[in-house]
Amino acid sequence: MASEESAGRLNFIEQIIAEHEASGRFGGRVQTRFPPEPNGYLHIGHAKSICLNFGLAAKYGGKCNLRFDDTNPTKEEDEYVRAIEEDVRWLGFDWGEAALFASDYFGQLYEWALKLIQDGKAFVCDLSFDEMREHRGTLTEPGRESPYRDRSVEENLDLFARMKAGEFPDGSRTLRAKIDMAAANLNLRDPVMYRILHATHHRTGDAWCIYPMYDFTHGQSDSIEGITHSICTLEFENHRPLYDWYLDALEIYHPQQIEFARLNLTYTVMSKRRLLQLVAEGLVSGWDDPRMPTICGLRRRGYTPAAIRNFCDLIGVAKFNSTIDVVQLENSVREDLNRHAPRVMGVLRPLRVVIENYPEGESEELEAVNNPEDESAGTRPVPFSRVLYIEETDFMEDAPKKFFRLAPGREVRLRYAYFVTCTDVVKDADGRITEIRCTYDPATRGGNAPDGRKVKGTIHWVSAEHAVQAEVRLYDHLFAVPDPNEVAEGQDWTDHLNPQSIEVLSGAMVEPSLASAEPGARFQLERTGYFCVDSVDSRPDRLVLNRTVSLKDTWAKVQKQQLQKK
RNA sequence: UGGGGAAUAGUGUAACGGCAGCACGAGUGACUCUGGAUCACUUAGUCUAGGUUCAAAUCCUAGUUCCCCAGCCA
């Protein structure tokens, strides 16, 4: 399936698939699955796995199942199932008819447990939680066999049936595989197959009070579904021998488990536990807080599915435990939005400008390009009048030579409009600048001078009387340090939260075309960044914009360099 | 101190005994009605020490560092 030229670019999983194709192990078939546990929201790390699994299926002409690994009723909820489905779909993937659930296999799993008991490979153990831990041994010392290990098949069958019937309280007994208490791999020291849990399951309700463990479920689920390549993260590498053991003992179809390194991002925490804590403690506004690395957070932030897919593609797949620089993610949205987002003008921190020689009470419409990267996007009219707003940072009273924007006596271009020259600066009693006075050159209408003279700077603007006020939310990294997981003695990871991760600007002014923007609409505020209309808080009469990511800012870089020189 | 994994420019990722390449970053320049975008150039790497070989990132030996495992979580 892989083309000749990309043959050298295969990642290690594709290489394994190629070997299987050569050996004929799976008859040329490739089938994968994405197996989330419905106990939390999906995040960008899951996106890596989703893109990998669905991507492989698409590349090799196979299919990828969405299967919920719902074997623990105490943690799993329907809300998460719906959210996960929505997120996977939004990312652009399709799992066919319906999502699958490990809980659909509870009946079959029970039958298989019976078979292992009958084969003398499983037993009911009465050890308490603490006793079992004591028997397990340590990393360096072997464990001791359970005193219940040699029960007869009949007794095991009877006890297991009564466990299922609900005769015993939670934690009183388990069904365990009989493997090897001296195994160096702790997972092989007679692992628990079933535990007693009198809990209501989100799908099977109260039909069961015994639930299979992950290890006794996952491989068999893969087997039932005819999965060929069961791709999971590195921490399951130690579980592979057990995955294989169950499949072999059961003598059923045997998929190949392959482990890869999960995604880590700088300035981000990715563990479900920590993300849950951020939400539960109100450290963020919710799972979909635009600063969260969750799929719904990124969506609300303005990220596109294509940007996320492209990012996942770019970072590659390997077994090395790496941390990707978050700028890589940011770069992926910029790249996508640059090509597709319509341009619009808006000032975040308005500074009033009066064009002294422009007639009072008059206005006109200028033509602005919607997207210089896409001619088919066309143009739109933008109103111009005597009083405008420009960006506060686009004016400097005492400007260095490298500052190409407005300053007393300097001429700049107002984008798509006219050349203007600053003639005066108006200040209040405290010496704060309240207004800039300018003159404009009527001959430069549209932005070009007939005499051919050039200006170094072009700045954006909005007409004061036509402008729409908006609340703009500027986001920065949720954490102030590259690795929030690294905490010093006596510190907590939440101490690394970035107090400047959100800045709300309530008085932004944007061009009137934005008045009708739909929730979720994405666009570029020229020279500033990419923004989207907040899907939760924005109202027709109260526009709320989220900054997805800023534009690259060469001027900021120049300033930084000059600061460093000093 | 047992077992299982992993180490290639700043960050990621290729090269499968035969020219260490690519992306992002960083730097320089060109261009530009976004200090955006684009284009060109530059920078910078095989964990260490031995060995095998005409030839080693790749094979061998010894070491170093990092990650995972002692849930009736997944």
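Considering all non-hydrogen atoms of both residues, A/Pro38 and A/Phe68 come closest at CB-CD2, 3.9 Å. Listed here is the closest heavy atom pair of A/Phe12 and A/Ile258: CE1-CG2, 3.8 Å.
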Quiz item: Could you write out RNA chain B as a dot-bracket string, with dots for unpaired bases, | for bases paired across to another strand, and Watson-Crick or G-U pairs counted at under 3.5 Å?
Solution: .((((((..((((....[..)))).(((((.......)))))....(((((..]....))))))))))).....
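Going from the C1' atom of B/rG18 to that of B/rC59 covers 14 Å, rounded to whole Å. When the C1' atom is used for both B/rU32 and B/rA40, the distance is 15 Å, rounded to whole Å.
With ring centers used as reference points, A/His202 lies 6.0 Å or more from A/Tyr80. A centroid separation of 6.0 Å or more is found between the aromatic rings of A/Tyr246 and A/Trp112. In this structure, A/Tyr211 has its ring center at least 6.0 angstrom away from the ring center of A/Tyr110. Ring centroids of A/Tyr418 and A/Phe384 are separated by less than 6.0 Å, placing the two rings close together. For A/Tyr214 and A/His218, the distance between ring centers is under 6.0 angstrom.
Under the 4.0 Å criterion applied to side-chain N and carboxylate O atoms, A/Arg349 and A/Glu392 are not assigned as salt-bridge partners. Ion pair A/Asp190/A/Arg136 not flagged as a salt bridge, since none of the NZ, NE, NH1 or NH2 atoms sits closer than 4.0 Å to an Asp/Glu carboxylate oxygen. Under a 4.0 Å N-O distance rule, the pair A/Arg203/A/Glu76 does not qualify as a salt bridge. Between A/Arg67 and A/Glu225 a salt bridge is recorded (basic side-chain N to carboxylate O distance below 4.0 Å).
Comparing A/Arg343 and A/Ile196 by the nucleotide of RNA chain B that holds the closest heavy atom to each, the one mapping nearer the 5' end is A/Arg343. Where A/Ile459 and A/Leu314 meet RNA chain B, the nucleotide closest to each residue was compared, and A/Leu314 sits on the side nearer the 5' end.
In this model, the phosphate group of B/rG10 is not approached by any side-chain N or O of A/Gln328 to a distance below 4.0 Å at OP1 or OP2. Dashed line: the shortest gap from a side-chain N or O of A/Lys552 to OP1 or OP2 of B/rA37 is under 4.0 Å. A close approach under 4.0 Å does not occur between any side-chain nitrogen or oxygen of A/Lys454 and OP1 or OP2 of B/rU32. For the pair A/Ser322 and B/rU13, the criterion of a side-chain N or O lying under 4.0 Å from OP1 or OP2 is met. Contact between the side-chain N/O atoms of A/Arg527 and the OP1/OP2 oxygens of B/rG35 is found at a separation under 4.0 Å. Not one side-chain nitrogen or oxygen of A/Ser128 sits closer than 4.0 Å to the OP1 or OP2 atom of B/rC72. For the OP1/OP2 pair of B/rC73 and a distance below 4.0 Å, the side-chain nitrogens and oxygens of A/Lys272 include no atom meeting the criterion.
The salt bridge (charged side-chain N to carboxylate O under 4.0 Å, His left out) test with A/Glu511 singles out one residue from A/Arg380, A/Arg343, A/Arg415, and that residue is A/Arg380.
B/rG71 shows a glycosidic angle within 90° of 0 and is accordingly assigned syn.
Counting to the nearest Å, the C1' atom of B/rG5 and the CD atom of A/Gln257 are 13 Å from each other. In this structure, the OH atom of A/Tyr416 is 16 Å from the P atom of B/rU32, given to the nearest Å. The interatomic distance linking A/Arg262 (CZ) with B/rG12 (C1') rounds to 18 Å, in whole Å. Whole-Å rounding puts the A/Gln15 CD to B/rU13 P distance at 14 Å. Residue A/Ile315 contributes atom CD1, which lies 12 Å from atom P of B/rA14 at whole-angstrom precision. Look at CG on A/Asn310: it is 11 Å from C1' on B/rC24, rounded to the nearest Å. In this structure, CZ of A/Phe216 is placed 16 Å from P of B/rC73, rounded to the nearest angstrom. Across the protein-nucleic acid pair, A/Asp313 atom CG and B/rA23 atom P stand 14 Å apart, rounded to whole Å.
In this structure, A/Phe320 forms no aromatic stack with the base of B/rA6, since the conditions of centre separation below 5.5 Å and plane angle below 30° are not both met.
A donor-acceptor contact under 3.5 Å is not formed by the side chain of A/Glu373 with the base of B/rU38. For A/Arg334 and B/rG36, a side-chain-to-base donor-acceptor distance below 3.5 Å is absent, hydrogens and geometry of angles not being considered. Applying the 3.5 Å distance criterion, the base of B/rU13 shares no donor-acceptor pair with the side chain of A/Arg9.
No engagement by A/Glu259 is indicated, since no non-hydrogen atom pair under 4.0 Å with the nucleic acid exists. Among the protein residues, A/Lys456 comes within range of no part of the nucleic acid, since none of its heavy atoms lies under 4.0 Å from any strand. Looking at heavy-atom distances under 4.0 Å, A/Thr140 makes contact with a base.
A heavy atom closer than 4.0 Å to some atom of RNA chain B occurs in A/Glu37, these being the qualifying members of residues 36-49 of chain A.
The A/Lys319 side chain lies nearest to B/rA6 when the options are B/rA6, B/rG35, B/rU11. Relative to the side chain of A/Arg415, the nucleotides B/rG12, B/rU34, B/rU11 differ in distance, and B/rU34 lies closest.
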Short heteroatom pairs, N/O only, protein and nucleotides 67-71 of chain B, under 3.5 Å:
from: B/rC67; atom 1: O2'; to: A/Asn321; atom 2: ND2; distance (Å): 3.1
from: B/rC68; atom 1: O2; to: A/Asn238; atom 2: ND2; distance (Å): 3.2
from: B/rC69; atom 1: O4'; to: A/Asn238; atom 2: ND2; distance (Å): 3.3
from: B/rA70; atom 1: O3'; to: A/Arg136; atom 2: NH2; distance (Å): 3.4
from: B/rA70; atom 1: O2'; to: A/Arg136; atom 2: NE; distance (Å): 2.9
from: B/rG71; atom 1: OP2; to: A/Arg136; atom 2: NH2; distance (Å): 2.8

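A cation-pi arrangement is absent between A/Arg176 and A/Phe123, since the terminal nitrogen or guanidinium carbon is not both under 6.0 Å from the aromatic centre and inside a 45° cone about the axis. Because its NZ or CZ atom is not both nearer than 6.0 Å to the ring centre of A/Phe419 and within 45° of the ring axis, A/Arg413 does not count as a cation-pi partner of that residue.
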